[in-house]
Amino acid sequence: MNLAAKLADRRPESADELAESCRDAGLMLERPVTADDLGRAHAALDAWERVVDAAGEQERADLLNRMLAEAAAYPRLTSHPGADWHLHYRDAEQPLGSVLFTLFAVGTAFHLAGRGMHRLRRCETAECDTAFADTSRTGRQRYCSQRCANRDAVRRHRARAAIT
């Protein structure tokens, strides 16, 4: 889900940029990344952002269930050279765009089911609309980063100081 947030914040403009972002996130790319993959990745991000912006838990669940139905693929146990055994939620020959759609849907579903349906949101800083997954211990994370939290704290401090 962190990859979805990263790509939503800075959407790749080319297949090469998408491939680089995926490699940086630790994905093993088994085939060349194409313009079709880029288009499918953008569609996956559009669907994921609708989940982020859902008005309530039921709407969020409905949108995510639609993603899961579209992304349906059986999990399979696999390994790569130098890697431990792990699960892939995709068929072996799926193109990257479809793989990303599935990863976003399944990862988000695991996160929300395990941590709470409220733990996906946008940054509360006025000039930032970055989507993020709340991974805090308390489930009360309001900002996408420490930088935005500090910026908002400074703004609130200056507002209080201007009143006195």
Inset, instruction - Examine distances only and state if a side-chain atom of E70 and a backbone atom of R66 form a donor-acceptor pair shorter than 3.5 Å. - result: no

Legend entry - Sole candidate of D134, V51, L64 that passes side-chain contact (heavy atoms from CB on, under 4.5 Å) when paired with L120: V51

Inset, instruction - Mark yes or no for whether T102, through its side chain, and A71, through its backbone, hold a donor-acceptor pair below 3.5 Å. - result: yes

Inset, instruction - Could you walk me through whether D62 and Q58 pass the side chain to side chain contact (heavy atoms under 4.5 Å, CB included) test, one step at a time? - result: CA-CA 6 Å; D62 292 344; Q58 188 59 56; 2.8 Å; yes

Legend entry - Side chain proximity check, C22 to L29, heavy atoms < 4.5 angstrom: yes

Legend entry - Check: D84 and S79 side chains under 4.5 Å, non-hydrogen atoms: no

Inset, instruction - Could you tell me whether the side chain of T34 and the main chain of D37 form a donor-acceptor pair under 3.5 Å? - result: yes

Inset, instruction - Give a yes or no on whether the backbone of E124 and the side-chain of R142 come within a donor-acceptor separation of less than 3.5 Å. - result: no

Legend entry - R158 CZ: over 12 foreign heavy atoms closer than 6.0 Å: no

Inset, instruction - Identify the heavy atoms of A8 and L45 that sit nearest to each other, and give their distance. - result: N-CD2, 3.8 Å

Legend entry - Partners passing side-chain contact (heavy atoms from CB on, under 4.5 Å) against M117 (at least two apart in sequence or in another chain): E57, R60, A61, L112

Inset, instruction - Please round to the nearest 0.5 Å and tell me the distance separating atom CZ of R31 and atom CD of Q94. - result: 9.0 Å

Inset, instruction - Please lay out, stage by stage, how R122 and D53 fare under the test salt bridge (Lys or Arg N to Asp or Glu O under 4.0 Å). - result: CA-CA 8 Å; R122 299 253 180 209; D53 296 330; 2.8 Å; yes

Inset, instruction - Establish, yes or no, whether the cationic atom of R40 lies under 6.0 Å from the six-membered ring centre of F101 and within 45° of the ring axis. - result: yes

Legend entry - Closest non-hydrogen atom pair, C144 against C128: SG-SG, 3.7 Å

Legend entry - hydrophobic_cluster_shared for F132 and L7, side chain cutoff 4.5 Å: no

Inset, instruction - With sequence neighbours left out, write down each residue that passes salt bridge (Lys or Arg N to Asp or Glu O under 4.0 Å) with D46, or none if nothing qualifies. - result: R11

Inset, instruction - For R147, check salt bridge (Lys or Arg N to Asp or Glu O under 4.0 Å) against everything at least two apart and list the hits. - result: none

Inset, instruction - Scan for salt bridge (charged side-chain N to carboxylate O under 4.0 Å, His left out) pairs involving residues 14-30, sequence neighbours excluded, and state none if there are none. - result: E30-R90

Inset, instruction - Not counting sequence neighbours, which residues clear salt bridge (Lys or Arg N to Asp or Glu O under 4.0 Å) with R156? List them please. - result: D152

Inset, instruction - Answer yes or no: is there a donor N or O on one side and an acceptor on the other, between the side chain of H111 and the main chain of V106, under 3.5 Å? - result: no

Inset, instruction - Return the set of residues passing side chain to side chain donor-acceptor pair (under 3.5 Å) with R140 (not counting sequence neighbours), or none when no residue passes. - result: none

Inset, instruction - Please check if the side chain of R121 supplies one atom and the backbone of Q141 the other of a donor-acceptor pair under 3.5 Å. - result: yes

Inset, instruction - Name all residues meeting the side-chain contact (heavy atoms from CB on, under 4.5 Å) criterion together with A35; count only those two or more places apart in sequence or in a different chain, and write none if there are none. - result: none

Legend entry - For D36, side chain to side chain donor-acceptor pair (under 3.5 Å) partners two or more places apart: none

Legend entry - Residues forming a salt bridge (Lys or Arg N to Asp or Glu O under 4.0 Å) with E127, sequence neighbours excluded: R151, R155

Inset, instruction - Look only at the side chain of T125 and the backbone of C148, and say whether a donor-acceptor pair between them is shorter than 3.5 Å. - result: yes

Legend entry - From CG (L87) to OG1 (T78), nearest 0.5 Å: 9.5 Å

Inset, instruction - May I ask you to check whether W48 and T108 show a side-chain donor-acceptor distance below 3.5 Å? - result: yes

Legend entry - Heavy-atom pair of closest approach, residues A41 and L18: CB-CD2, 3.9 Å

Legend entry - ring-ring contact (aromatic ring centres under 6.0 Å, His included) partners for H86, two or more places apart: H80, H88

Legend entry - Smallest separation among heavy atoms of L38 and A15, with atom names: CD2-N, 4.0 Å

Inset, instruction - Evaluate the criterion side chain to side chain contact (heavy atoms under 4.5 Å, CB included) for residue pair F104 and L3; output intermediate values, then yes/no. - result: CA-CA 8 Å; F104 298 167; L3 177 58; 4.3 Å; yes

Legend entry - Hydrophobic cluster membership, M28 vs V33, 4.5 Å side-chain cutoff: no

Inset, instruction - Applying side-chain contact (heavy atoms from CB on, under 4.5 Å), name anything that partners N65, two or more places apart in sequence or on another chain. - result: L68

Legend entry - Which residues share a side-chain contact (heavy atoms from CB on, under 4.5 Å) with L103, sequence neighbours left out: L27, V99, L100

